[in-house]
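Step one of this worksheet: look at the structure below.
If you're wondering where the values come from, they're calculated on a predicted model, not measured in any experiment. Because only heavy atoms are used, hydrogens play no part in the values below, and waters and symmetry mates are left out as well, while side chains stay in. Whatever order the structure lists ligands and atoms in, that order sets their numbers, starting from 1.
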Amino acid sequence: MPSRPYLLLSCATSADGYLDDASPRRLILSGPADLDRVDEVRAGCDAILVGAQTIRTDDPRLLIRDPRRRARRAARGLPPHPARVTLTATGDLDPAARFFAPGALRLVYCATPALARARTRLEDSAVLIDAGDPLSLDFMLTDLAERAGPRALVEGGARVLGDFLAAGLADELHLAVAPFFVADPAAPRFSLPRPDNTTSPMTLAGVSRFGEVALLRYLLGPGGPDHRFLRWAVELSRLCPPSATAFSVGAVVVGEDGEVLATGFSREQEDHDHAEEVALRKLRSSLGPDPRLRHATLYSSLVPCGARASRPVTCVQHIVAAGIPRVVFAWREPTLFTDGEGAEQLLAAGVAVTEVPELAERARAVNAHLVGSGA
Ligand SMILES: NC(=O)c1ccc[n+]([C@@H]2O[C@H](COP(=O)([O-])OP(=O)(O)OC[C@H]3O[C@@H](n4cnc5c(N)ncnc54)[C@H](OP(=O)(O)O)[C@@H]3O)[C@@H](O)[C@H]2O)c1
């Protein structure tokens with residue numbers, strides 16, 4: 001398992017960047033379409049984290065609303081709702097808050113000096129974890145990956161979002177921008193201690209609309225765009241329907257200008273689908289392959305297959321036929337099902353190949369049921 005979860009930050013702001021207004025009542029920034037999108041994002045995560053102040057002011061439920069999404073989680077062997085997680089330096093939490101309602105694992109990471117107070121207040125409403133003095137975000141994330149799983153969603157508030165961003169621990173940011181202004185300096189907004197990310201800006205991976213709300217989707221984290229898109233491909237591999245005879249792989253195709261052209265994961269549409277094949281199928285029309293592919297990069301968590309038992313055309317052949325000039329991958333295929341040398345075949349066909357071994361363990365861990373948990 002990776003030592004810390006993939007961390008996705010999600011929040012809604014006004015057009016002038018506020019996360020709430022200054023009134024005691026919660027400001028609703030999202031519309032129904034955006035709330036449904038958040039429900040989908042939640043359903044793909046193992047844990048949802050909010051700061052203690054958000055529990056006090058907003059009293060969120062942090063549940064998956066759509067029963068079909070809960071059923072999909074059940075089919076993947078996951079609990080119906082992600083774990084609910086918070087962090088506190090004071091232990092000042094009310095066990096009557098909806099966060100502590102049954103139905104999901106509840107984890108409270110507490111700074112050491114406040115442990116006794118938190119234990120008295122919460123009794124057995126949650127699992128209470130000593131996270132050090134001062135509370136260590138690194139410890140918290142490592143422990144969270146072990147207890148809840150490899151993918152966590154942070155839903156605010158202002159301080160928590162700022163803490164994770166400032167510590168460089170976020171992998172993805174979903175910023176939903178509502179079509180109005182708050183214009184009140186007393187209202188909360190991201191609290192970041194003088195960020196210096198102009199030299200390494202976030203990577204814009206998507207712009208979309210949900211009703212009147214604009215969603216900006218950014219990738220963050222070390223390594224620049226190549227590593228970020230590849231980490232995303234690994235995350236897509238977690239969505240694969242399980243198989244005892246085929247790898248779980250994710251793929252992202254990115255155009256010359258950075259636009260994400262398509263994504264895919266193994267078995268996404270049909271039983272024998274490979275991730276790269278699905279992504280390329282989405283870009284095929286009656287006129288043939290999308291011409292943007294001639295300048296695109298394909299990111300795949302596993303090296304594209306150069307030999308294949310399930311279908312006659314390998315992913316290397318699909319990539320070469322589409323005219324894709326560059327492939328970036330994380331993990332070299334172990335000789336488990338086939339012994340195809342995908343990277344060598346791509347190079348021989350004139351495709352530039354970049355291997356990112358630093359991310360191989362993440363890609364391999366998703367397939368631990370096939371290749372064991374050791375390196
Ligand atoms: N628009 C959105 O998407 C969105 C989402 C969520 C929340 N919000 C809004 O955000 C506001 C709340 O934000 P906020 O900044 O006041 O609070 P917050 O980030 O929700 O919670 C801050 C609290 O979390 C604990 N905490 C955070 N980082 C910690 C650390 N490194 N170590 C120890 N404890 C830590 C502390 O709890 P203790 O005080 O217990 O020590 C701290 O006071 C509300 O107005 C809410 O409506 C907006």
Side-chain angles (χ1 to χ4, degrees), residues 7-31 34-35 37-39 41-42 48-62 84-95 97-100 107-122 126 128-141 143-144 152-170 173-182 184-193 210 213-216:
L7 206 63
L8 199 166
L9 311 189
S10 171
C11 63
T13 69
S14 61
D16 50 349
Y18 289 98
L19 289 151
D20 194 2
D21 60 19
S23 75
R25 286 192 34 212
R26 179 182 186 175
L27 175 68
I28 304 297
L29 289 143
S30 290
D34 189 52
L35 290 172
R37 172 193 66 80
V38 172
D39 201 52
V41 174
R42 283 181 177 178
I48 308 174
L49 185 150
V50 292
Q53 186 60 20
T54 293
I55 296 177
R56 293 191 280 262
T57 57
D58 295 358
D59 197 15
R61 284 192 173 86
L62 307 179
R84 291 176 218 139
V85 185
T86 193
L87 64 175
T88 174
T90 62
D92 187 12
L93 288 159
D94 179 356
R98 294 192 282 212
F99 177 96
F100 297 105
L107 302 174
V108 174
Y109 288 89
C110 186
T112 311
L115 265 179
R117 176 177 166 76
R119 196 166 287 127
T120 306
R121 297 210 61 163
L122 297 176
L128 193 58
I129 299 142
D130 181 351
D133 182 20
L135 183 147
S136 159
L137 294 181
D138 281 319
F139 165 81
M140 197 208 89
L141 290 178
D143 188 78
L144 180 58
L153 175 66
V154 178
E155 290 201 19
R159 160 136 184 230
V160 165
L161 293 167
D163 282 354
F164 283 114
L165 284 169
L169 293 168
L173 170 65
H174 292 184
L175 191 64
V177 183
F180 53 81
F181 298 94
V182 167
D184 182 349
R189 53 198 320 179
F190 281 99
S191 63
L192 277 171
F210 292 85
V213 170
L215 177 74
L216 305 175

Could you list which atoms of ligand 1 come closer than 4.0 Å to a heavy atom of [X]?
X      : answer
Asp20  : 44 (C), 45 (O), 46 (C), 47 (O)
Ala12  : 1 (N), 2 (C), 3 (O)
Gly51  : 18 (P), 20 (O), 21 (O), 24 (O)
Thr54  : 6 (C), 7 (C), 12 (C), 18 (P), 20 (O)
Asp163 : 27 (C), 28 (N), 29 (C), 30 (C), 31 (N)
Pro188 : 45 (O)
Leu135 : 32 (N), 33 (C)
Ala158 : 10 (O), 13 (O), 14 (P), 15 (O), 19 (O)

Please determine if [X] and [Y] form a salt bridge, counting it only when a charged side-chain N lies under 4.0 Å from a carboxylate O.
X     : Y      : value
Arg42 : Asp39  : no
Asp20 : Arg189 : no
Arg56 : Asp94  : no

Under the 3.5 angstrom rule, does the side chain of [X] hit a backbone N or O of [Y] as a donor-acceptor pair?
X     : Y     : result
Thr13 : Tyr18 : no
Asp59 : Ala97 : no
Ser30 : Asp34 : no

Would you say that [X] contacts [Y] through its side chain, given a criterion of any heavy-atom pair below 4.5 Å between the two side chains?
X      : Y      : value
Phe180 : Leu27  : yes
Cys11  : Phe190 : yes
Thr54  : Pro60  : yes
Leu62  : Ile48  : yes
Val85  : Leu144 : yes
His174 : Leu9   : no

Asp58, Asp21, Ile28, Leu19: member with heavy atom nearest to atom 46 (C) of ligand 1: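 Closest candidate by heavy-atom distance is Asp58.
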- request: Going by heavy-atom distance to atom 42 (C) of ligand 1, choose the closest among Arg159, Gln53, Arg26, Arg25.
  value: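 Result: the heavy atom closest to atom 42 (C) of ligand 1 is in Arg159.
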Thr57 heavy atom under 4.0 Å from ligand 1: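 Right, Thr57 reaches ligand 1.
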Examine the proximity of ligand 1 to [X] and report which part, side chain or backbone, both or neither, has a heavy atom under 4.0 Å away.
X      : answer
Leu29  : side chain
Arg117 : neither
Glu155 : backbone
Ala52  : both

Answer yes or no: does an N/O atom from [X] fall short of 3.5 Å to an N/O atom of ligand 1?
X      : result
Ala89  : yes
Gly157 : yes
Thr88  : yes
Thr13  : no

[atom] - nearest protein heavy atom and its distance:
atom                    : answer
atom 39 (O) of ligand 1 : Arg56 NH2, 2.6 Å
atom 25 (C) of ligand 1 : Leu87 O, 3.1 Å
atom 19 (O) of ligand 1 : Val160 N, 3.0 Å

- request: Work out which heavy atom in Ala111 is nearest to a heavy atom in Leu135; give both atom names and the distance.
  value: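 Shortest heavy-atom separation between Ala111 and Leu135 comes out as N-CD1, 3.9 Å.
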